[in-house]
Amino acid sequence: MQFKFMYSTSLFVLFLSVVALGQQQEAMETYLKQKQEEYQLPGLAVGIVKNGQVYFQQGYGVATIHFPKQITEYSVFHTGSVSKLFTAQAILKLVEADKIGLDTQLASLNLGLRLKDRQISEITIRQLLEHQSGLPDVWGYHWRRQNTDSLALQRYFSKKKLKLATSPGKEYRYSNLGYNLLALIVQQVEGLSFETFVKREVLLPATMTTADFRYFAIPEEMRLSPHTKNLFGKVKVRKIYPYTREHAGSSTLNSSVEELSKWMIQFMNDPFHQQFLVPSPVYAYNSLGFQLYRVAGKDGFGHYGGDKGFRAFLMMVPSEKTGIVLLSNSDFNEDFRQDIGFTLMKSLLNP
């Protein structure tokens with residue numbers, strides 16, 4: 001049985017609310033295939049958790065336009081800033097172990113930073129997590145470096161003289177630099193690489209065995225090509241994969257919807273997650289690493305992600321133990337994330 005969805009989002013949500021489970025999933029699959037074609041996405045993968053269990057996982061399109069290898073739920077994508085959720089969780093693991101505190105200042109951590117503004121030493125862990133450190137964003141990621149050196153993060157900061165864009169704690173200012181600094185804090189406190197700590201303490205406990213912040217650790221058969229459009233609107237493969245090790249804390253998690261779905265289930269079942277989900281008093285749409293949303297009258301938490309050749313979106317409604325993750329190997333027509341993500345979430349929360 002096939003369904004055609006050429007009508008409005010509201011009608012799609014209404015339709016899913018009145019059909020049986022098997023029909024819902026068949027209708028959802030048809031809808032997603034239509035959306036993948038509508039947005040001209042080379043590849044799209046979708047994972048859905050409902051009531052604390054895997055509800056739907058599927059891939060659409062191809063790993064690269066040069067070879068007809070199909071996307072599946074196991075295909076591994078660059079997730080961009082979805083990485084920040086895992087960096088935040090790594091930091092909170094250290095807080096839980098009383099190795100640092102949310103109000104610990106940089107001055108007490110002996111990070112060897114070069115400071116143009118002395119006030120930087122007063123920045124707290126909480127301010128870094130909530131993008132209130134006053135540090136600027138990163139300009140120029142230099143992905144072509146493809147740096148795999150285990151000392152890349154230390155060298156990155158040893159060459160950079162930090163300066164403030166605004167005073168710490170005064171306003172929300174999104175900063176990838178701040179999250180790279182959080183990765184350096186993990187390394188300094190634990191005495192091992194950020195990626196090793198996150199793999200051991202965050203990814204593996206959620207049975208994310210393939211996912212890794214180190215692109216070079218992903219099996220070649222599971223990798224995808226990044227896609228973009230040229231000036232004439234033609235889809236092409238990007239020559240450079242968005243990876244260099246110094247940006248791990250902000251940007252370089254590679255994972256599949258199958259493994260991210262397992263992480264969502266674990267995260268929403270763990271009372272530990274509650275401390276992440278309190279809105280910041282400075283900016284109510286942000287918490288400790290999470291972006292905050294309102295969907296179907298309920299509080300949603302998650303993050304958008306995007307770097308050259310990839311786009312991602314992860315959103316959870318912990319009160320309903322329901323979540324969705326969308327991954328694409330393209331960096332254009334990125335509105336598919338809120339279109340599909342919020343449409344499906346509304347349908348899941350209004351059965």
Side-chain angles (χ1 to χ4, degrees), residues 9 13 16 24-25 28 32 44-58 73 77 79-93 96 129-131 179 198 201-203 205-208 211 253-280 283-306 311-328 334 336-351:
T9 291
V13 173
L16 285 187
Q24 281 187 354
Q25 293 186 337
M28 192 175 293
L32 287 167
L44 171 68
V46 182
I48 296 174
V49 170
K50 185 175 182 181
N51 298 325
Q53 296 182 333
V54 172
Y55 175 75
F56 182 90
Q57 294 177 345
Q58 189 62 266
E73 65 268 35
F77 294 75
T79 70
S81 286
V82 171
S83 306
K84 293 179 174 66
L85 304 182
F86 295 81
T87 300
Q89 192 172 3
I91 288 289
L92 267 290
K93 291 286 186 183
E96 187 180 35
L129 287 168
E130 295 186 344
H131 296 286
Y179 269 74
V198 176
E201 299 295 328
V202 180
L203 301 181
T207 61
M208 298 177 71
L253 176 68
N254 288 269
S255 188
S256 66
V257 296
E258 188 265 341
E259 292 198 340
L260 287 167
S261 294
K262 291 191 288 190
W263 177 80
M264 289 193 292
I265 291 170
Q266 188 211 55
F267 184 86
M268 290 187 286
N269 283 333
D270 187 352
F272 174 70
H273 80 261
Q274 294 295 337
Q275 59 194 309
F276 287 89
L277 309 180
V278 179
S280 164
Y283 185 67
Y285 300 101
N286 188 69
S287 182
L288 297 174
F290 282 76
Q291 296 169 341
L292 310 185
Y293 317 106
R294 192 73 177 163
V295 54
K298 301 184 185 299
D299 291 325
F301 308 86
H303 216 289
Y304 285 90
R311 291 293 183 267
F313 181 46
L314 184 150
M315 176 170 56
M316 297 177 286
V317 177
S319 65
E320 306 300 315
K321 292 189 176 180
T322 296
I324 182 168
V325 58
L326 306 171
L327 303 176
S328 177
E334 62 184 10
F336 79 89
R337 296 175 296 178
Q338 55 264 39
D339 180 5
I340 298 173
F342 282 87
T343 296
L344 292 183
M345 185 61 79
K346 288 176 184 176
S347 73
L348 295 167
L349 297 178
N350 294 291

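Given the structure is predicted, the values throughout are model-derived calculations rather than measurements.
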Legend entry - Atom CZ of Phe272 with >12 non-hydrogen neighbours under 6.0 angstrom: yes

Inset, instruction - Check the pair Ile340 / Leu44 against side-chain contact (heavy atoms from CB on, under 4.5 Å), numbers first and verdict last. - result: CA-CA 11 Å; Ile340 298 173; Leu44 171 68; 4.3 Å; yes

Legend entry - Minimum-distance pair of heavy atoms, taken over all atoms of Thr322 and Asn51: OG1-N, 3.6 Å

Inset, instruction - Check whether any side-chain heavy atom of Val202 lies under 4.5 Å from a side-chain heavy atom of Trp263, and answer yes or no. - result: yes

Legend entry - For the student: nearest non-hydrogen atoms of Glu73 and Ser256, plus distance: O-CB, 3.3 Å

Inset, instruction - Rounded to the nearest 0.5 Å, what's the gap from CD1 on Ile324 to CG on Leu344? Could you check? - result: 4.0 Å

Legend entry - Neighbour count >12 (heavy atoms, 6.0 Å) for atom CD, Gln53: no

Legend entry - Met28/Ile48 under side-chain contact (heavy atoms from CB on, under 4.5 Å): CA gap, chis, key distance, verdict: CA-CA 11 Å; Met28 192 175 293; Ile48 296 174; 3.3 Å; yes

Inset, instruction - Could you check Phe301 against Phe267 for ring-ring contact (aromatic ring centres under 6.0 Å, His included), going step by step and ending with a plain yes or no? - result: CA-CA 12 Å; Phe301 308 86; Phe267 184 86; 8.9 Å; no

Inset, instruction - Return the minimal non-hydrogen interatomic distance between Leu288 and Tyr179, and the atom names on each side. - result: C-OH, 4.4 Å

Inset, instruction - Nearest 0.5 Å please: distance from the CE atom of Met315 over to the CZ atom of Phe342. - result: 4.5 Å

Legend entry - Expected output: side-chain Gln266 to main-chain Pro205 donor-acceptor under 3.5 Å: yes

Inset, instruction - Return yes if some donor-acceptor pair links the side-chain N/O of Gln25 with the main-chain N/O of Phe56 below 3.5 Å, else return no. - result: no

Legend entry - Exercise: identify the closest heavy-atom pair between Ser81 and Lys84: OG-NZ, 2.7 Å

Legend entry - Value rounded to 0.5 Å, distance of CG in Asn286 from CG in Leu129: 9.5 Å

Inset, instruction - Indicate, with yes or no, if the rings of Phe313 and Tyr293 have centres closer together than 6.0 Å. - result: yes

Inset, instruction - Would you indicate whether the side-chain heavy atoms of Glu130 and Tyr283 approach each other to under 4.5 Å? - result: no

Inset, instruction - List the steps and the verdict of salt bridge (charged side-chain N to carboxylate O under 4.0 Å, His left out) for Glu201 and Lys93. - result: CA-CA 8 Å; Glu201 299 295 328; Lys93 291 286 186 183; 5.7 Å; no

Legend entry - Atom pair NZ (Lys50) and OG (Ser261), whose distance is rounded to the nearest 0.5 Å: 14.5 Å

Inset, instruction - Apply side-chain contact (heavy atoms from CB on, under 4.5 Å) to Met208 and Leu260, showing your working. - result: CA-CA 8 Å; Met208 298 177 71; Leu260 287 167; 3.9 Å; yes

Legend entry - Separation between CG of Leu92 and OG1 of Thr87, rounded to the nearest 0.5 Å: 11.5 Å

Legend entry - Heavy-atom side-chain contact between Val49 and Lys321 under 4.5 Å: no

Inset, instruction - Please check if the side chain of Arg337 supplies one atom and the backbone of Gly305 the other of a donor-acceptor pair under 3.5 Å. - result: yes

Legend entry - Backbone N/O of Ala211 and side chain of Glu259: donor-acceptor pair under 3.5 Å: yes

Inset, instruction - Determine whether Val198 and Leu253 make a side-chain contact, defined as any pair of heavy atoms from C-beta on separated by less than 4.5 Å. - result: no

Legend entry - Residue pair Ala312 / Val82: nearest heavy atoms and the distance that separates them: CB-CG2, 4.0 Å

Inset, instruction - Would you give the length of the straight line joining atom CZ of Phe336 to atom CG of Leu32, rounded to the nearest 0.5 angstrom? - result: 11.0 Å

Legend entry - Validation row: Asp299, Leu292 side chains within 4.5 angstrom (heavy atoms): no

